[in-house]
Structure formats: C-alpha cells, structure tokens
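First comes the structure, then the notes that go with it.
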Amino acid sequence: LMPLMIACFAAMNATYLTALAGGPAANAILLQNTAPFWVFLIAVGVLREKIERRSLVSLGIGLTGIGIILTGLLYQETPAVSTDTQTSLLGISVLAISSGFFYAAVIVCLRALRSESSPWLTFLNHFGSGIILSTVLLVLMGPTNWLNWITTPTVHQLLFLAIFGGIQMALPYWLFSKGLRTVGPQEAGIITLLE
C-alpha cells in the first residue's frame, strides 16, 4: 500500500501545483477540497463503511460550492474572457479536481496504514514524490535543462524551501496521519474543509 500512497501523493502534488500555477489560486485550492467527496465514495463504495448523515449533509454543502465554481467558469460572460481562456480554466479545474481525488487516495491510504509510524509515512510521501516528480521532469526536460533547472535556486532559496517544506508541508501531514489513527477517513476529509 505504501507505493500506491507515494504515487498518489506525487500525483496530488503535480496536479495541484499545475492547477495553482495555471489559473486562479482560489479555484485550485477550493477544487482540491473535493477530496471529502472522493473519500466518501471510496469509503462507502470500496471499503463498505457506514454512511453517516452528517457526512452527507457536509458533502452536499461542499459539492454545491464546487458546482457554483464550475458553473461560473463555464458560463462566464465577461468580454475579457475568451472561449480559449474558459476552456483553459475548465482544464485547470479538472486538474484541481484530480488533485482532490489523489488527496482522497492519500487520506484512505494513511488511514489504512495508521499502525505505521506517522513520521515515516510523512517522510516516504515527501521523499518519494520528490524522486518521482524529479524523474518525470528529467525525462521531459532532458538532462541538460534539468540540471540547469535544479541548480537555479541559490543556497538561501534552498534553505527557505527546506524550511517551508518541513513546516508548511511535512508537519501538517505528520499531524494528519497521526489524527487518522483515531478519526475515520470520511470525518478527516470533512475536517480538512475547515482550511
């Protein structure tokens, strides 16, 4: 299950960051939060967990918000927004929703692996996704461009990125995986909507 979790974590990061870079940040962030919907489908459909009424109410509210965002993108009649831009925004929204799906898969995997060490799972996700995504970029960019890209940040920037990665990314996932020891995946997914 760990390789699946790492692959989903890498796919979550790739789709989320691509959506974040390509369109409105608010849309990418909100649409990634389709994760509770996907967790619900996986938990009920695959894991055969009991449907909770409060989960259905929360999901209904969340999905209504997502529907409003997508409808706004599809039917935006602002003269400044061309059809190509609308199509591009829709594609970016699909990436963000895909990121929510992969996030849900990570949540379910973390829950299934709850007896494992939380720091170890956090390390595996971050290190493994770094290796996977670096390898993909190496293949797509070629060795010379990849080497130029990888050596572009200064030492100060690399230090900042390491601190940012440890505090903003690793610490919350470590806490999240610890929480999944006592909280079910449906509830954990809904709690993340507080973000």
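In this chain, numbering begins with 1 at the start of the sequence shown.
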message = Which heavy atom of Pro143 sits nearest to which heavy atom of Leu138, and what is that distance?
response = CA-CD1, 3.7 Å
remark   = Between Ile131 and Thr135 the two heavy atoms that sit nearest each other are O-OG1, 2.7 Å
note = Between Ala19 and Ile92, the two heavy atoms sitting closest are O-CG2, 3.3 Å
For Trp174, all residues meeting side-chain hydrogen bond (donor to acceptor under 3.5 Å, both in side chains), sequence neighbours excluded = none
task = Please answer whether the main-chain N or O of Arg111 pairs with a side-chain N or O of Arg114 as donor and acceptor at a distance below 3.5 Å.
result = yes
Contact summary for Ala104 and Val39, nearest pair of heavy atoms = CB-CG2, 3.5 Å
request  = Take Ser118 and Arg181 through the side chain to side chain contact (heavy atoms under 4.5 Å, CB included) test and state the conclusion after the steps.
outcome  = CA-CA 9 Å; Ser118 297; Arg181 291 180 178 183; 3.4 Å; yes
request  = Kindly work out whether a path of hydrophobic side-chain contacts (I/L/V/M/F/W/Y, heavy atoms less than 4.5 Å apart) joins Leu4 to Ile107.
outcome  = yes
inquiry  = Quick check on the hydrophobic clustering: are Ile61 and Phe40 connected, directly or via other members, by side-chain heavy-atom contacts under 4.5 Å?
reply    = no
inquiry  = I'd like to check the side-chain contact (heavy atoms from CB on, under 4.5 Å) partners of Leu17; sequence neighbours left out, ordered by chain and number.
reply    = Leu20
ask   = Does the Thr154 side chain pair with the main chain of Gln157, one donor and one acceptor, at a distance under 3.5 Å?
value = yes
key: Any residue meeting ring pair (Phe, Tyr, Trp, His ring centres under 6.0 Å) with Phe127, in chain and number order, not counting sequence neighbours   = Phe123
query = Where is the tightest heavy-atom contact between Leu1 and Cys109, given as atom of each residue plus distance?
reply = CD1-SG, 3.8 Å
request  = Would you please classify the geometry between the Tyr173 ring and the His126 ring as parallel, tilted or perpendicular, with 30° and 60° separating the classes?
outcome  = perpendicular
query = How many angstroms lie between atom CG of Asn145 and atom CG of Leu137, to the nearest 0.5 angstrom?
reply = 11.0 Å
Heavy-atom closest contact (Leu113 atom, Met2 atom, distance) = CD1-CG, 3.8 Å
query = Looking at side-chain heavy atoms only, is the closest gap between Asn125 and Leu110 below 4.5 Å?
reply = yes
request  = Taking the side chain as every heavy atom from C-beta outward, state whether Ser129 and Met12 have any atom pair closer than 4.5 Å.
outcome  = no
request  = Examine Leu175 and Phe9 and state if one hydrophobic cluster contains both, with Ile, Leu, Val, Met, Phe, Trp and Tyr joined whenever side-chain heavy atoms are less than 4.5 Å apart.
outcome  = no
request  = Side-chain contact test, heavy atoms from C-beta onward, threshold under 4.5 Å: evaluate it for Met169 versus Asn13 and give yes or no.
outcome  = yes
message = Test of understanding: clusters of I, L, V, M, F, W, Y form through side-chain heavy atoms closer than 4.5 Å, transitively. Do Trp146 and Leu133 belong to the same one?
response = no
ask   = Linking I/L/V/M/F/W/Y whenever any side-chain heavy atoms sit under 4.5 Å apart, do Leu95 and Val106 land together?
value = no
message = So Leu41 and Trp38, do their side chains get closer than 4.5 Å, heavy atoms only?
response = yes
message = In the structure I gave you, are the side-chain heavy atoms of Tyr103 and Thr34 within less than 4.5 Å of one another anywhere?
response = no
